[in-house]
Amino acid sequence: MNPKVLVIGWDSADWKIINPLMDAGEMPALQSLVENGVCGNIATLDPPLSPMLWTSIATGMRPHKHGILGFLEPDASGKNLRQTHITSRKVKAIWNILNQQNKKSNVIGWWPSHPAEPINGTMISNFYQTANFADDWKKWNLKDGCVHPKNMHDTFAELRVHPTELTEAHILPFIPDAAKINQEKDKSLIHLTKNLAEAASVHNCLTYLLENDKDWDLMAVYYEAPDLISHGFMKFHPPKMNHIQQESFDLYKDVVNGIYKFHDMMLDRTLQMIDK
């Protein structure tokens, strides 16, 4: 059997959050990897912008060589801005190199990866999971270019989770008193449910491929939620800071730990699905 490489990226994940959770037995899947492998800090680049960093991880090149310089770029007209596309990358990513060696790669949600590249394998772009509350989830169209190969477009479209599909069973582990939130003034619940749904959509792609495609050499998946949730809720993470109101602290103090534990649950499922 040929060796396989599985890369799971948690954007902005921090050992300062993870280590206390592992010590408390609340991230058992990651703890099993740490105890049976190697762990350490990854040096970053400045400015620490996700599209730049994750392209450096994928290419081994610094931003001035790989060409991905931030979150936005000029569109074709040169008059407007759009989210950065993979077409601005100037060098090969690891999956392109493997492609030239007749190796098969499955890449999910990498930042950036739209439009999906025609590689030997499956690519799901980082536009795939994005949803807005204003959309009717029953009419939630998947943009062209989100899935390669194109004949899998409808299959992966069905695997997405829309934020409005989440129920209190999904939300209360993060915010037990969610019913107390004044959603007219406080949009935190929308922020949380959107990030949870997008993470679940990415994970659904991963588990689908692990279950239905056994013949791969590289599987790479990127989860953005640890970063997005930290931006929104880290100010409420214990210990309470003086400028944070007690009511808000009580509502949101569990959210950051919750997103890490959620990702550990997804990691546990992933580890169950791979071979030795």
Side-chain angles (χ1 to χ4, degrees), residues 8-22 24 26-30 41-42 44 47-51 53-54 71 83 108-112 126-133 160-183 185-206 221-241 243-245 247-270:
I8 302 173
W10 293 352
D11 196 342
S12 192
D14 193 335
W15 292 111
K16 292 178 183 178
I17 307 295
I18 292 170
N19 285 329
L21 288 170
M22 290 197 299
E26 295 186 322
M27 292 188 71
L30 184 58
N41 291 319
I42 298 177
T44 191
L49 304 178
S50 293
L53 302 179
W54 290 91
F71 291 94
Q83 287 191 43
I108 305 165
W110 208 264
W111 216 147
N126 61 300
F127 285 15
Y128 164 81
Q129 67 271 17
T130 303
N132 295 310
F133 271 82
R160 295 171 302 162
V161 178
H162 194 275
T164 57
E165 295 181 84
L166 300 188
T167 69
E168 63 181 16
H170 305 106
I171 295 167
L172 294 183
F174 297 87
I175 308 175
D177 291 326
K180 296 180 180 179
I181 298 172
N182 182 343
Q183 294 190 59
K185 298 180 179 180
D186 184 351
K187 303 303 180 182
S188 297
L189 199 56
I190 291 176
H191 180 57
L192 173 66
T193 51
K194 185 175 187 297
N195 294 159
L196 289 178
E198 290 177 354
S201 297
V202 168
H203 187 63
N204 285 352
C205 290
L206 175 63
V221 59
Y222 165 85
Y223 294 92
E224 190 176 17
D227 180 52
L228 297 176
I229 290 295
S230 294
H231 280 296
F233 295 94
M234 185 60 76
K235 60 188 175 184
F236 305 113
H237 188 66
K240 179 184 171 298
M241 293 185 287
H243 68 282
I244 298 298
Q245 294 183 352
E247 181 181 4
S248 298
F249 177 78
D250 291 340
L251 275 172
Y252 301 124
K253 62 183 174 61
D254 298 320
V255 174
V256 171
N257 279 349
I259 202 66
Y260 280 81
K261 291 190 284 187
F262 176 49
H263 280 69
D264 193 74
M265 294 167 64
M266 293 189 287
L267 175 62
D268 182 59
R269 176 61 181 148
T270 302

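We count residues from 1, following the sequence as given. Predicted, not measured: the structure shown is a model, and the values here were computed from it.
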For [X] against [Y], the heavy-atom pair lying closest together:
X    : Y    : answer
Y128 : S201 : CE2-O, 3.9 Å
G9   : W54  : CA-CH2, 3.5 Å
V161 : A197 : O-CB, 3.4 Å
E26  : K261 : O-CG, 3.5 Å
H203 : M266 : CE1-O, 3.2 Å
S50  : D11  : OG-OD2, 2.7 Å

_Applying side-chain contact (heavy atoms from CB on, under 4.5 Å) to Y260 and I229, what does each step give before you reach the verdict?_
CA-CA 10 Å; Y260 280 81; I229 290 295; over 6 Å; no
So do [Y] and [X] actually touch side chain to side chain, heavy atoms under 4.5 Å?
X    : Y    : value
F236 : I244 : yes
I175 : Y252 : yes
F249 : P238 : yes

How long is the span from the [atom1] atom in [X] to the [atom2] atom in [Y], to the nearest 0.5 Å?
X    : Y    : atom1 : atom2 : result
R269 : D264 : CZ    : CG    : 14.5 Å
I18  : L30  : CD1   : CG    : 5.5 Å
M27  : I17  : CE    : CD1   : 10.5 Å
I259 : D227 : CD1   : CG    : 11.5 Å
L49  : T44  : CG    : OG1   : 9.0 Å
I108 : C205 : CD1   : SG    : 5.5 Å

*Quick check: does any side chain N or O of N19 sit under 3.5 Å from a backbone N or O of W15, one acting as donor and the other as acceptor?*
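Answer holds: yes.
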*How are the rings of Y223 and H263 set to each other: parallel, tilted or perpendicular (split at 30° and 60°)?*
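Ring orientation, 0 to 90° scale: perpendicular.
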*Plane angle bin for F174 and F262 - parallel if under 30°, tilted between 30 and 60°, otherwise perpendicular*: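 Judged by the thresholds at 30° and 60°, the geometry between F262 and F174 is perpendicular.
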*asked:* Quick one, D250 with D177, criterion side-chain contact (heavy atoms from CB on, under 4.5 Å). Give me CA distance, side-chain angles, the key distance, then yes/no.
replied: CA-CA 9 Å; D250 291 340; D177 291 326; 5.9 Å; no
Using a cut-off of 6.0 Å, state whether more than 12 heavy atoms not belonging to [X] lie near its atom [atom1].
X    : atom1 : result
K235 : NZ    : no
M265 : CE    : no
K187 : NZ    : yes

*Would H191 and S188 count as having a side-chain donor-acceptor pair, cut-off 3.5 Å?*
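Judged by distance alone, the side chains do not pair up.
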*Under the side-chain contact (heavy atoms from CB on, under 4.5 Å) rule, what do K194 and T130 come out as? Steps first, then yes or no, please.*
CA-CA 8 Å; K194 185 175 187 297; T130 303; 4.3 Å; yes
